[in-house]
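Each remark here refers to the structure printed beneath this line.
Order of listing sets the numbers, starting from 1, for every ligand and every atom in it. Treat the numbers as computed from the prediction; the structure is a model and nothing was measured.
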Amino acid sequence: MNQHVVPTYRERDKASVLHPQTNLLKHLETGPTVITHGDGVYVTDDAGNRYLDSGAGLWCAALGYQNERVARVAHDAMTQLAYFPIFRHQSHGPAIDLSEKLLEIAPVPMSKVLLQCSGSEANDSAVKIVWYYWHGLGKPERRKIITRTGSYHGSTCVTISMTGNPAYHKSFGLPFDGFIHVDSLNYYRSAKPGETEEQFSQRLADSLEATILREGPETVAAFWADPVQGNAGALPPPKGYFEKIQAVLKKYDILFVADEVICGFGRTGEMWGSQVYDLKPDLLVCAKGLSAALLPISALLINEKIFRVMTEESNRIGAFVHGFTYAGHPVACAVALEVLKIYEEMDIVSRVKSLEPAFLGMLDSLKDHPLVGDATGVGLIGGLEIVADKATRKSFGPEVNISGLIEKHARKAGIILRITPGRIAYSPPLIITEDEIAEMGRLTRMALDGAWADVQAASA
Ligand SMILES: Cc1ncc(COP(=O)(O)O)c(C=O)c1O
C-alpha cells in the first residue's frame, strides 16, 4: 500500500526557514513552536497550547493578534491604491495623512516625517540624515555616534553597530569604527555601594562627557537613546539621568536622537517615552506601536533645524538621494492611521496609566521569589532582575542556563516570557486587562518556581 505521509509544519520549517535570533543547529533538532492563531493577548500553537504573550510579540502587538476593523481598512486601501512610491516629488493621501498626524502628536515640535518600513531602517536612515546634516553645515568630520550599553537599535550593519550588546556583534566583524558605547544604566547592578540614583546618573553623565572629550567633541555627530531600554530587559533610566545627559549634549552641540521604537504610542503611560523623561530630541524614530505591528511601518521625525540644512544640502548636490521601495506604502500608512485612531478612541494613554499600578504591583509582588532581586517599570513596560543570590546580587553563570530553565517552565505554565541576560522583560499588548495582568504574575511565578526547583535539584 502506498502510504503518503504529509510532513508536519515542524518538519517543513526545519527544511526551509532560516530563523533570526535562533541557534540554527539546535533548531534542526527541536524545530519551531508553530503559532496558528491569536486572540487578544493570547496565542495558540499547532498542538492547541495557549500562551499569554507577555511581550506583545516583539514589543509591538499593542492591539493583540486579530483586528477585523483594521483588516477592512487595509482591504479598502489596497483596493483603491495598492502601491505607489513617494520618490521624486510624488505622493499619496495615506502618506500625507499619516505624516500630518505624527507631526500633530509629536512630543516636541517636529517639521517633517520620513516614512520607512522597520525600526532598523528608520534608525539607519537617521544616521545618514545626521551625517548629511553635518555635511550640510560644512562639518563632515562630525561622524561618531554615541549609544548606550544595553540599547538595541536594529539589525542592519549600522544599527547593530549602534547596538550596545557585544553578543550581537560576534562573528560579523562588527561594530564599525566610529560607533561608541557608553555605560550601562542599570542602577541595581552597576551602582556603587551607597550611591543614590541621582549620583549614579551624574556619574553616567560625567562618563559621557569624558567620552566626548576623549573622542573630540568636533568628531561627535549624535547621541542615541531609547527612553526605556528594551534590550537591557525593559529597563527604565535612573532618576535624573536624561536631564543630566541632555545638558552634556547641549554643551557640545551634539544632536540627540530618541529611539521611540518600543516606547512610542502609549507604552510608557504617555504617548511618548520622551514625555515621561522630558526629552528634547532633534530626531525621533518610531515603529512597532505605530501600526500595532499589523503591517510593517516606521517613521523618522526631524525638527526644523535639521530640515532646513537638508533642504539646502539637497539643493546644492541635486537631491536627497535616499529611499526604500516600500517606504510610505499606502496600505501600511492607512493601517497605521487607523491604529492611531483606535488609540485615540481607547484613550490609550489613560488606559495604560490606569493599568500601571496593577502592572507594577504585579512585578513588585514577585520580589519575594528567591530568583528575583528587583523589579522596575513604567506604564506597561518593565522587568524583573534575576539573581542567583539576593544578598550579593550575583548573577547565575552560563552553566546554569537560567534563561533556558525559566523559558522551559514558562512554556509549560502557558506564558511567553522575554528573557534577556539577567532580566525578564514585560511589554504586554496594551489591550491587556487587570485580570490578565494578575494571570501574567501567577504564570510567571509558576515558571520561576519550576526554574528554582531545577536549580536546587542540580546543586543538591
Ligand atoms: C529600541 C529599538 N530600536 C530599533 C529596533 C529595530 O526595529 P526593527 O526590528 O523593526 O527593525 C528595535 C527592535 O526591537 C528596538 O527595540
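Within ligand 1, the atoms closer than 4.0 Å to a non-hydrogen atom of K288 are 12 (C), 13 (C), 14 (O), 16 (O), numbered from 1 in the order shown. Every atom of ligand 1 is numbered from 1 in the order shown, and the set under 4.0 Å from a heavy atom of G119 is 6 (C), 7 (O), 8 (P), 10 (O), 11 (O). Atoms of ligand 1 lying under 4.0 Å from any heavy atom of S118, numbered from 1 in the order shown and given with element: 10 (O), 11 (O). Taking a cut-off of under 4.0 Å to the non-hydrogen atoms of S120, the atoms of ligand 1 that pass are 6 (C), 7 (O), 8 (P), 11 (O). Near V261, meaning under 4.0 Å from one of its heavy atoms, ligand 1 places the atoms 2 (C), 3 (N), 4 (C), 5 (C), 12 (C), 15 (C). Taking every non-hydrogen atom of N123 and a distance limit under 4.0 Å, the qualifying atoms of ligand 1 come out as 3 (N), 4 (C). The distance from ligand 1 to the heavy atoms of G154 drops below 4.0 Å at these ligand atoms: 6 (C). Near I262, the atoms of ligand 1 lying under 4.0 angstrom from a non-hydrogen atom of the residue are 16 (O).
A salt bridge links D364 with K367: the distance from a Lys NZ or Arg NE/NH1/NH2 to an Asp or Glu carboxylate oxygen falls below 4.0 Å. Here D206 does not pair with K244 in a salt bridge; the nearest charged N to carboxylate O distance is not below 4.0 Å. Between E345 and R69 there is a salt bridge, since at least one side-chain N of the basic residue sits less than 4.0 Å from a carboxylate O of the acidic one. A salt bridge links K144 with E215: the closest approach of a Lys/Arg side-chain nitrogen to an acidic carboxylate oxygen falls below 4.0 angstrom.
Not a single ring pair (Phe, Tyr, Trp, His ring centres under 6.0 Å) links Y65 to another residue, sequence neighbours left out. For W59, there are no ring pair (Phe, Tyr, Trp, His ring centres under 6.0 Å) partners two or more places apart in sequence or in a different chain.
Counting heavy atoms under 4.0 Å from ligand 1, residue E121 does not touch it at all.
For the side chain to side chain contact (heavy atoms under 4.5 Å, CB included) test with P236, the passing option among T376, T268, L185 is T376; the others fail.
A 6.0 Å sphere centred on CD of Q80 holds no more than 12 heavy atoms belonging to other residues, nucleotides or ligands.
Polar contact with ligand 1: present for D259 (N/O pair, distance under 3.5 Å).
The nearest non-hydrogen atom to atom 2 (C) of ligand 1, considering only W224, Y152, W59, comes from Y152.
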